[in-house]
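Below, chain A is the first sequence line, B the second, and so on; all start at residue 1.
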Amino acid sequence: MSAHENLPAPAHFIRHIIDSDLETNKNGGTVVTRFPPEPNGYLHIGHAKSICLNFGLAAHYNGRCNLRFDDTNPEKESDEYVQAILQDVAWLGFQWHELRYASDYFEQLYAYAVQLIKDGKAYVDSASAAQIRASRGTLTEPGTPSPDRNRPIAENLDLFQRMRAGEFADGQYVLRAKIDMASANINLRDPSLYRIRRVHHQRTGDQWCIYPLYDYTHCLSDAIEGITHSICTLEFEDHRPLYDWVLNTVKTPCHPQQIEFARLQLEYTLVSKRKLNQLVTEQHVTGWDDPRMPTLAGLRRAGVTPAAIRNFCERIGVTKKDAWIELGVLENCIREDLNQHSLRVMAVLQPLRVVIENYPNGQTQWLELSNHPQRPELGTRKLPFSQVVLIEQSDFAENPPPKYKRLVLGGEVRLRGAYIIKCHEIVKDSEGRIVELRCHYDPDTLGKNPVGRKVHGVIHWVSAEHSLPAQIRLYDRLFRLPNPDTQEHFLTALNPQSLVVLDHCRVESSLAGAPEESRYQFERTGYFCVDRDSTENKMVFNRTVTLRENWVQD
RNA sequence: UGGGUCGUCGCCAAGCGGUAAGGCACGGGGUUUUGAUCCCCGCAUACCAAGGUUCGAAUCCUUGCGACCCAGCCA
């Protein structure tokens, strides 16, 4: 638990609305929310904000939150997505009160539509999609009524029944609400309620050939479930009058209140489902769970914890302002949680051989290292030390820059948790590349500092003989630009360095057998997570995030 | 040019007529066998602008300006 996690969740405008509803006993003192994903893609960080909001509100007010799939467009939806969403919501740490599907209500929705027709509030239109579009008018000009607008009720009823019965071709007819073709709000210009579409639905199969549209389905589904506060994003603000019209006209006993908040916009990331899908399909990433993806599955595979995401969602707030969150906020939440909970371990990404000439050849000494310097209760581990160790190539410099604190020729450095060594010779190959360092160690520096001199640098290392081979994947932001969408084509904003695979890494022996998804801090290099691609012969780690680097080279 | 919304520090964000919380970022210092963590300190006389009401305005009024969303048989 970090200090922050103990702080009360900050209130926001939706909480204020609910508070006053509770004061006036508006919904009998209850709070019922829902998270309503469409199963047409994987959940991403933007959904996490909505999930945390809806489930968080229910928890805060001792209410309930349903998970409801908005599965009214079978063309784009599938069971694969349903299963993935179920998993991701649970992984994020939330339990739904009830699992529902809008398709559960198809029969009820149909009955409501029949009622609407009988009340003269809906009609069957034979206009084509193009004709409807053309007659809708523009932002500044009113639409023109369809010739079918005044079709007799009996005829509408007959036609609608036959639409359901499959007597007509896809697109031949559509059921429209009869509202106001001259409304300044385009959503009220007789919106379509039902379309004919012969598509297999992942839950209802071929039972239906007509499917209800969002504006009609969503509000009624909310009402059926007794939702008190229907929270959605800003772009639905214009739809609220329609939401209310449907509920008022159908005369449902329950009338949820739609409240809109600003969706998450995170720098260097993209959350358009269509574009994420394209990244997967065109193999710019390895899949929906590629660690560079902003999906929950991707974040999970990268090693991000549910707690970090929840904390992030809390920290960014809930408002109606069109805001962009800096990536650093997310990274900070990730580091905060990982710093607290990750065991420290040593791994050398790009090894450089160091021979300690005065250390007995063949001798192995088991050193005890702390698993977490600030949390002794997390215990210690034994690490083998021997004559040949591997250090990071970047931890030695033949021509060190100013303020360089690592190893140089003739200089000393501390091998973390072990001895101080001094380099006295550089061994190069025929092409002048440094292949080995010859050093001496000071046997009197284990667990204590030498007297008479100060050694500032501390570097990580592993025993050449005992360490394990590993592949380490260094992930970075997928895009080079804060807002990839400003490009004429978002793919041009892809970061060519978003993945660097290192294949000759060596990790300390204590990591043997570490299970998939276990997270560690590789001291001085960052936080890493065991990938499922690990094999018995070679472990695979994904970098979740680097450590902060506060120092500036001048 | 229609309708709907929004505008408080570099980025988020409290504030709801009584004299600008907090987080991230940034700058300075301390501790440290991770250039990490941790700990101090600093960081809006100012709330899109201009008028007005008021003893008093980020909060109320007026007028501007800027940004976002809407013309799917998608959600």
Does a salt bridge link A:Lys76 with A:Glu38, judged by any charged N lying under 4.0 Å from a carboxylate O?
no

Between A:Asn156 and A:Arg151 (side chain of the first, backbone of the second, donor and acceptor by atom type, cut-off under 3.5 Å), is there such a pair?
yes

Measuring to OP1 and OP2 of B:A75, would you say a side-chain N or O of A:Arg195 lies under 4.0 angstrom away?
yes

Is any side-chain nitrogen or oxygen of A:Arg133 closer than 4.0 Å to OP1 or OP2 of B:C73?
no

Polar atoms only, N or O, under 3.5 Å: list the protein pairs with nucleotides 68-70 of chain B and their distances.
unit_1	atom_1	unit_2	atom_2	d
B:C68	O4'	A:Asp322	OD2	3.3

Does a side chain donor of either A:Arg344 or A:Asn371 reach within less than 3.5 Å of an acceptor in the other side chain?
no

Distance only, no hydrogens: is a donor on one side chain within 3.5 Å (strictly under) of an acceptor on the other, for A:Tyr105 and A:Glu225?
yes

Starting from P on B:G15, measure out to NZ on A:Lys320 and report it in whole angstrom.
16 Å

Among B:C6, B:C73, B:C24, the one nearest any side-chain atom of A:Glu326 is B:C24

Verify the contact: side-chain N or O of A:Arg240 to OP1 or OP2 of B:G4, cut-off strictly under 4.0 Å; return yes or no.
no

Measure from CG on A:Leu330 to P on B:C24 and round the result to the nearest Å.
14 Å

Would you indicate whether A:Lys422, at its atom NZ, is surrounded by more than 12 heavy atoms from other residues, nucleotides or ligands within a distance under 6.0 Å?
no

Quick one: is the NZ or CZ of A:Arg477 closer than 6.0 Å to the six-membered ring centre of A:Tyr268, and within 45° of its axis?
yes

